[in-house]
Every structure is written in structure tokens, then in C-alpha cells.
Amino acid sequence: DALPISADGFTGSGSSSTHGTTTGVQGGVDWMRKLAFRYRKVKLIYNKYKSNASGLLSPQRRDTLQRLRSDIEAITDEWLGTALKSLLLIQSRKNCVNVLITTTQLVPALAKVLLYGLGDIFPIENIYSATKIGKESCFERIVTRFGKKVTYVVIGDGRDEEIAAKQHNMPFWRIANHGDLASLHQALELDFL
């Protein structure tokens with residue numbers, strides 16, 4: 001690819017790298033420039049493989065990933081497939097988007113999205129990591145980005161997102177089991193949401 005990640009100026013490896021004197025102060029202009037460079041590189045990779053994450057893998061690992069996905073679907077009574085139907089239904093609607101907030105750090109979260117085959121469902125700009133800023137701050141950023149005159153529906157399994165949804169007067173759909181997921185899909189199909 002055109003932007004080798006090793007050229008971004010960060011020392012160490014991965015998100016837990018220690019920043020030496022060549023990287024500048026965390027939060028400083030030089031550090032932010034390097035971070036922006038790294039984000040552009042990650043975005044290029046994500047967008048290149050969002051429709052085909054297996055393109056990142058060797059043929060043997062592709063087969064392993066496919067078997068693993070099949071096993072997960074069988075064990076969870078098609079949990080991912082059921083969720084995917086709802087996400088696709090939302091995506092197919094005019095002026096509707098799927099947004100993901102996660103407590104996982106951004107790069108591992110992007111990897112998970114790709115491995116689960118959800119790259120086309122969640123554009124990279126719609127994936128927010130609450131690791132450092134918290135879910136409430138993510139909700140505020142989303143409202144700032146999309147505005148207050150839109151309808152939001154928060155879907156989740158945790159108390160944090162439920163509280164944040166209530167603070168923003170957004171309806172919350174709890175997913176605690178497979179039945180909740182099936183009910184969500186039915187509500188979407190019947191245009192209740």
C-alpha cells in the first residue's frame with residue numbers, strides 16, 4: 001500500500017507503543033500529525049478489505065475463519081445471521097445508518113468488524129471506540145455529527161448504553177438473548193422502528 005505504517009513516526013508496535021523523543025508529546029501537534037497518518041493507513045486497509053476480510057489471510061486461514069464463522073453460527077442459533085438481517089434492513093432504508101460504539105480499542109474493534117463480515121455494514125467513520133472517552137462522549141459526538149432532529153434507536157446489552165440513551169432521550173432496545181434479537185428484526189420489518 002502507498003502508506004507504510006512503519007513510516008508514521010511512532011516507535012514501538014501496536015496501540016500500546018511507548019512514545020520516544022522522536023514522537024513528540026502525546027496530544028502535541030507532531031504526535032497528532034503522526035496519529036492522523038496512522039489513522040489514514042488503517043482507514044485505507046479497512047476500506048480495501050471491508051467487503052472481503054479473508055483477502056488479508058492465507059488460504060488456510062481463510063478456510064479456518066470460514067469454519068469458525070459456521071461453528072459460531074451453529075452454536076449461537078444463527079445469532080450473527082439474525083443480527084445481520086436487522087443491520088441490512090436498517091442500511092437499506094433511505095437516510096438510515098448503522099453506528100457502532102464499542103469499549104474495545106479502535107484497531108482491534110475494526111479487526112473484529114472485518115472478521116465478522118460486517119465491514120460493509122459499518123463504514124469506518126461510524127465506528128466509535130469508548131475505550132478512552134467513555135460511551136457518553138461517543139453519544140455526544142454522534143449527536144453532534146448527525147444532529148438532534150433525527151431519530152436514534154440504541155441497541156445494546158449493557159447498562160452504560162442504556163443510561164447514555166436515556167440521557168439523550170433515545171429509545172433503547174435491550175438485546176439480552178436471541179429472542180430479543182428476533183423481536184428487533186420483526187419490529188424493523190413491520191416498520192415499528
**Prompt:** Given Ile142 and Ile101, is the side chain to side chain contact (heavy atoms under 4.5 Å, CB included) satisfied, shown in steps?
**Reply:** CA-CA 10 Å; Ile142 291 164; Ile101 300 175; 3.6 Å; yes
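- Applying the 6.0 Å contact sphere to CD of Gln186 captures no more than 12 heavy atoms from other residues, nucleotides or ligands.
- Smallest separation of non-hydrogen atoms from Ser92 and Leu89: OG-O, 2.8 Å.
- Side-chain atoms of Ser129 come within 3.5 Å of backbone N or O of Thr104 as a donor-acceptor pair.
- In this structure the side chain of Leu44 never reaches within 4.5 angstrom of the side chain of Lys48, judged on heavy atoms.
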**Message:** Between Asp30 and Lys34, is the salt bridge (charged side-chain N to carboxylate O under 4.0 Å, His left out) condition met? List the steps.
**Reply:** CA-CA 6 Å; Asp30 187 42; Lys34 290 173 184 175; 3.0 Å; yes
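- Taking NE2 of His185 as the reference point, atom CG of Leu84 lies at 9.5 Å (rounded to 0.5 Å).
- No side-chain donor-acceptor contact under 3.5 Å links Glu161 to the backbone of Lys135.
- Under the salt bridge (Lys or Arg N to Asp or Glu O under 4.0 Å) criterion, Arg174 pairs with Glu162, sequence neighbours left out.
- For the pair Phe122 and Tyr116, the minimum side-chain heavy-atom distance is 4.5 Å or more.
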**Request:** Walk me through it: do Ile72 and Leu80 pass the test side chain to side chain contact (heavy atoms under 4.5 Å, CB included)?
**Result:** CA-CA 8 Å; Ile72 289 171; Leu80 179 60; 5.7 Å; no
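- Without hydrogens or angle criteria, Asn98 side chain to Leu87 main chain gives a donor-acceptor distance under 3.5 Å.
- Glu140 CD: more than 12 foreign heavy atoms inside a 6.0 Å radius.
- In this structure, Leu184 is not a member of the same hydrophobic cluster as Leu88, with clusters built from ILVMFWY side-chain heavy atoms closer than 4.5 Å.
- Using a 4.0 Å cut-off between charged side-chain N and carboxylate O, Glu125 and Lys43 make a salt bridge.
- Contact of the Arg93 side chain with the Asp191 side chain is registered, since non-hydrogen atoms from C-beta on lie closer than 4.5 Å.
- The closest side-chain heavy-atom distance from Ile163 to Phe172 is not below 4.5 Å.
- Between the side chain of Glu73 and the main chain of Leu68, no donor-acceptor pair closer than 3.5 Å is present.
- Both Leu188 and Trp173 sit in one connected hydrophobic cluster of ILVMFWY residues. Membership requires side-chain heavy atoms under 4.5 Å apart, directly or through other members.
- With hydrogens and angles left out, the side-chain atoms of His168 and Glu136 include a donor and acceptor closer than 3.5 Å.
- For the pair Tyr128 and Ile133, the minimum side-chain heavy-atom distance is 4.5 Å or more.
- Using a 3.5 Å distance cut-off with no hydrogens or angles, the side chains of Asn126 and Arg145 do pair a donor with an acceptor.
- Between atom CG of residue Leu56 and atom CG of residue Leu114 there is a gap of 7.0 Å, rounded to the nearest 0.5 Å.
- Here Val153 pairs with Ile155, Pro171, Leu193 under the side chain to side chain contact (heavy atoms under 4.5 Å, CB included) rule; sequence neighbours left out.
- The side-chain heavy atoms of Ser54 and Tyr49, taken from C-beta on, include no pair separated by under 4.5 Å.
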**Message:** Could you walk me through whether Gln91 and Val97 satisfy the side chain to side chain contact (heavy atoms under 4.5 Å, CB included) test, starting with their C-alpha distance in whole Å, then the side-chain angles of each, then the deciding distance to 0.1 Å, before giving a yes or no?
**Reply:** CA-CA 6 Å; Gln91 185 181 37; Val97 296; over 6 Å; no
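- When every heavy atom of Leu106 is checked against every heavy atom of Tyr39, the shortest pair comes out as CD2-CE1, 4.0 Å.
- Side-chain heavy atoms closer than 4.5 Å link hydrophobic residues (I, L, V, M, F, W, Y) into clusters, and following such links, even through other members, never connects Ile124 to Val99.
- Not a single donor-acceptor pair under 3.5 Å links the side chain of Thr103 to the backbone N or O of Thr131.
- Using modelled atom types, no side-chain atom of Trp79 and backbone atom of Leu181 make a donor-acceptor pair closer than 3.5 Å.
- In the hydrophobic clustering of this structure, Leu65 does not group with Leu118; members are Ile, Leu, Val, Met, Phe, Trp, Tyr whose side-chain heavy atoms approach within less than 4.5 Å, directly or through other members.
- Note: Phe146 and Tyr152 have perpendicular aromatic rings, judged against thresholds of 30 and 60 degrees for the angle between ring planes.
- Side-chain contact between Thr82 and His178: present, with at least one pair of heavy atoms (C-beta onward) separated by less than 4.5 Å.
- A distance-only check finds a donor-acceptor pair linking the side chain of Arg69 to the backbone of Leu115 [under 3.5 Å].
- Shown here for Tyr46 and Ile127, the closest heavy-atom pair between the two residues is OH-CD1, 3.5 Å.
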